[in-house]
Amino acid sequence: MKARKTLMSLCLLLALPLAAQQKNYVSEVWVADQGNGKYKNPVLYADYSDPDACRVGDDYYMTSSSFNCLPGLQILHSKDLVNWTIIGAAVPYALPPIETPERPEHGNRVWAPAIRHHNGEFYIFWGDPDQGAFMVKAKDPKGPWTEPVLVKPGKGIIDTCPLWDEDGKVYMVHAYAGSRAELKSVITICELNAEATKAITPSRIVFDGHEAHQTCEGPKFYKRNGYYYIFHPAGGVPTGWQVVLRSKNVYGPYEWKTVLAQGNSPVNGPHQGAWVDTSTGEDWFFHFQDVGAYGRLVHLQPMKWVNDWPVIGIDKDGDGCGEPIMTYKKPNVGKTYPICTPQESDEFDGYTLSPQWQWHANINEKWAYYAGDQSIVRLYSYPVVKEYKNLFDVANLLLQKAPAPNFTATMKLTFKPVDKYKGERTGLVVMGMDYAGLILENTDKGLVLSQVSCLKADKGTPEQVNGTVDLTDNTIYLKVKFSSDANKKISKSEGGHDLLVMCDFSYSLDGKKYQPLGKSFQAKEGKWIGVKVGTFCTRPAITTNDGGWADVDWFRITKK
């Protein structure tokens, strides 16, 4: 039925002009644009951690930390700073070093990037805390991007951002991760070669935040009116504030000012982001808010310059330090653009991976077949590692970010395990340092559906089974409902800011009537990332020349 529907849709598409085919995706569960000239924060209710953005003409491009998830450095595009869509990724397949079997490197790899446009090319710099500062570039932000270049080797180098000066010199600001460098809370600058491919001087510390701005990190580098500016957060991710440094000399001395803090707003830790302007002369600032299980959400704040200092948000008392707004008039970009949101639901009608999806490690080409003509993605069972303890060890998890405070994820799949051995598994998973899911397994007793949970998965704890159902049909519908309340927080979290997020699972054999299974699960974030939801297909760590598969017909994000 779906194949016939897909064919009819394709015929209709071919009959339409190109402009009509390019319909924007609009979420059922979170839309920042209020449709009345105003927007609400967060503009992206999803874990686009450490966001950075730049303007090129009338277009805005954003990227964010992707850590161990691939494709890495997802690229988002907007015309008005409020409505965003995912257009690709700067690291589509793998991050060096590339090893097999593929293994998740939770919390490692791509930290706090910066995206810039210079001389007709886009550049993205980021710090890998175990290797150093990397860079990729492209003429088109959709790609292709170059292979990563190690610009400055060094353990603990993170949060890198370039600046092209008027005299042709190129500089890079960065911070240090105390976990690797055994020094943090300082901001440093080095000079790069003209191609921005290699550091040509040692890094010089230009600011020490140990006394006034502990845990200063995430610097972004700008120049305006003869001043060098370094925007950086301090005070810790859930509890901190935004600082700006300025100097007439690139190496300082720098004076500082706190320009954004929580104040009386409900937005904890407003910091680390990007200053952008509009063609009409307005200034705006993106920052994130860490809410725990859902990760780091992206907010947009108005910004203005007063005596060559930026003031971000609303400065009610006139002290030069603003606080976040929750609703505001949309940026004046000269035009009004249609509402759109990052992609979520997927009918799997394409021949490549849709851009909202990420695997949990470098990508193996043998994991999936994108069969757009059949309107499915086929996930082949892939062997787990010999030291397997739980799904936290698994690389071929196909996941996407949670997109709203309250939503439902539903998928339809058909499981076709092989008969010659047992233990192949697939299903719906809610993944973090704790995880839960609805898991189908080919057992000695036949096909079994289990609702499982795994607390402290990152510590190697085994799964716990909370309920099972024997199945005779290998096609099934799996559902999880995410629920949270802005007033319900986890008091033991840092600053007491983490949201309490609960998940309830159910299944259906006909796609109409759903039965609950198992017990409620309290979602937990991953290592430096928010909780993610998606699917997988594995087999035991045995040597065999082939295995079974799971055909995923669709995956939908809805209100109910």
Side-chain angles (χ1 to χ4, degrees), residues 18-20 22-27 30-46 48 51-64 74-88 113-118 120-124 138-142 220 222-225 229 231 242 259-260 267 270 272-289 297-306 310-315 322 324-343 355:
L18 184 61
Q22 297 173 336
K23 187 178 180 181
N24 291 324
Y25 182 86
V26 179
S27 173
W30 189 265
V31 177
D33 193 325
Q34 299 298 281
N36 60 0
K38 296 183 178 181
Y39 72 93
K40 69 177 179 180
N41 272 320
V43 288
L44 294 170
Y45 200 107
Y48 291 99
D52 193 45
C54 68
R55 176 173 71 88
V56 182
D58 293 328
D59 295 278
Y60 296 90
Y61 300 96
M62 180 187 290
T63 192
S64 60
Q74 290 169 307
I75 310 292
L76 288 84
H77 171 256
S78 178
K79 284 285 194 178
D80 62 6
L81 301 173
V82 173
N83 294 285
W84 293 88
T85 189
I86 313 169
I87 61 170
I115 184 169
R116 293 291 181 269
H117 187 261
H118 173 72
E121 292 184 301
F122 290 86
Y123 291 76
I124 297 179
K139 292 191 184 312
D140 185 335
K142 294 179 182 178
K220 300 292 168 53
Y222 308 99
K223 195 173 185 183
R224 176 186 181 275
N225 285 358
Y229 289 93
F231 287 48
Q242 180 70 32
V259 297
L260 177 68
V267 183
Q272 185 143 337
W275 162 38
V276 293
D277 63 6
T278 69
S279 58
T280 62
E282 293 182 350
D283 294 287
W284 295 84
F285 185 76
F286 288 103
H287 68 85
F288 72 75
Q289 175 196 16
L297 317 178
V298 180
H299 291 241
L300 176 65
Q301 303 296 340
M303 176 176 144
K304 61 183 178 180
W305 290 91
V306 179
V311 180
I312 300 172
I314 298 299
D315 182 13
I325 55 90
M326 297 310 297
T327 60
Y328 204 74
K329 63 181 179 181
K330 288 173 59 180
N332 178 8
V333 293
K335 294 180 182 178
T336 300
Y337 291 94
I339 291 175
C340 70
T341 61
Q343 300 89 318

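Residue numbers run from 1 in the order of the sequence given.
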Roughly how far, to the nearest 0.5 Å, is [atom2] of [Y] from [atom1] of [X]?
| X | Y | atom1 | atom2 | answer |
| --- | --- | --- | --- | --- |
| T341 | I86 | OG1 | CD1 | 9.0 Å |
| L81 | T278 | CG | OG1 | 8.0 Å |
| I87 | L76 | CD1 | CG | 8.0 Å |
| S78 | N83 | OG | CG | 6.0 Å |
| T63 | I124 | OG1 | CD1 | 4.5 Å |

Check your understanding: Do the ring centers of F231 and Y222 come within less than 6.0 Å of each other?
Key ->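 F231 vs Y222: aromatic centres under 6.0 Å.
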Where do [X] and [Y] come nearest, in terms of heavy atoms and distance?
| X | Y | answer |
| --- | --- | --- |
| V311 | G322 | CG1-N, 4.3 Å |
| G334 | T280 | N-CG2, 3.9 Å |
| R116 | A53 | NH1-O, 3.9 Å |
| H118 | Y123 | O-CE1, 3.9 Å |
| Y61 | P141 | CE2-CG, 3.3 Å |
| P331 | E282 | CA-OE1, 3.5 Å |

Review point. Got a salt bridge between D52 and K220, using NZ or NE/NH1/NH2 to carboxylate O under 4.0 Å?
Key: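 Yes, D52 and K220 are salt-bridged.
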Exercise for review: Using salt bridge (charged side-chain N to carboxylate O under 4.0 Å, His left out) as the criterion, point out the one residue from K330, R55, K329, K335 that pairs with D80.
Suggested key: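 Among K330, R55, K329, K335, the one that satisfies the salt bridge (charged side-chain N to carboxylate O under 4.0 Å, His left out) with D80 is K330.
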Exercise for review: Assess the side chains of D277 and W284: does a donor N or O sit below 3.5 Å from an acceptor N or O?
Suggested key: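 There is no such pair between these side chains.
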Point to revise | Geometric cation-pi criterion K40 and W30, 6.0 Å radius, 45° cone | key: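 Judged by the rule (NZ or CZ under 6.0 Å from the ring centre, within 45° of its axis), K40 counts as positioned above W30.
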Main chain of [Y], side chain of [X]: is a donor-acceptor contact present, judged purely on distance under 3.5 Å?
| X | Y | value |
| --- | --- | --- |
| Q242 | P270 | no |
| N24 | C340 | no |
| S27 | V31 | no |

Review point. Where do V333 and K79 land on the side chain to side chain contact (heavy atoms under 4.5 Å, CB included) test, with the steps shown first?
Key: CA-CA 8 Å; V333 293; K79 284 285 194 178; 5.9 Å; no
Exercise for review: Quick one: list whatever passes ring-ring contact (aromatic ring centres under 6.0 Å, His included) with Y229, sequence neighbours left out.
Suggested key: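 For Y229 the ring-ring contact (aromatic ring centres under 6.0 Å, His included) partners, ignoring immediate neighbours, are Y227, W305.
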**Study point:** For Y39, all residues meeting ring-ring contact (aromatic ring centres under 6.0 Å, His included), sequence neighbours excluded
**Key:**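 Applying ring-ring contact (aromatic ring centres under 6.0 Å, His included) to Y39 gives none.
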Exercise for review: Flag yes if more than 12 heavy atoms outside K38 fall under 6.0 Å of its NZ atom; otherwise flag no.
Suggested key: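 Counting other residues, nucleotides and ligands, NZ of K38 stays at 12 neighbours or fewer.
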Point to revise | ring-ring contact (aromatic ring centres under 6.0 Å, His included) assessment of Y48 paired with F288 | key: CA-CA 8 Å; Y48 291 99; F288 72 75; over 10 Å; no
**Study point:** P342 and T85, any side-chain heavy atoms less than 4.5 Å apart
**Key:**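 Result no, sub-4.5 Å side-chain heavy-atom pair not found.
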Point to revise | Sub-4.5 Å side-chain heavy-atom contact between K142 and I75 | key: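 No, side chains not in contact.
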Anything under 3.5 Å between a donor and an acceptor, one on a side chain of residues 297-304, the other on a protein residue two or more places apart or in another chain? List them.
residue: H299; atom: NE2; partner: Q289; partner atom: OE1; Å: 2.9
residue: Q301; atom: OE1; partner: I325; partner atom: N; Å: 2.9
residue: Q301; atom: NE2; partner: H287; partner atom: NE2; Å: 3.0

Review point. Only one of F286, Y60, Y337 forms a ring-ring contact (aromatic ring centres under 6.0 Å, His included) with W84, so which one is it?
Key: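 Among F286, Y60, Y337, the one that satisfies the ring-ring contact (aromatic ring centres under 6.0 Å, His included) with W84 is F286.
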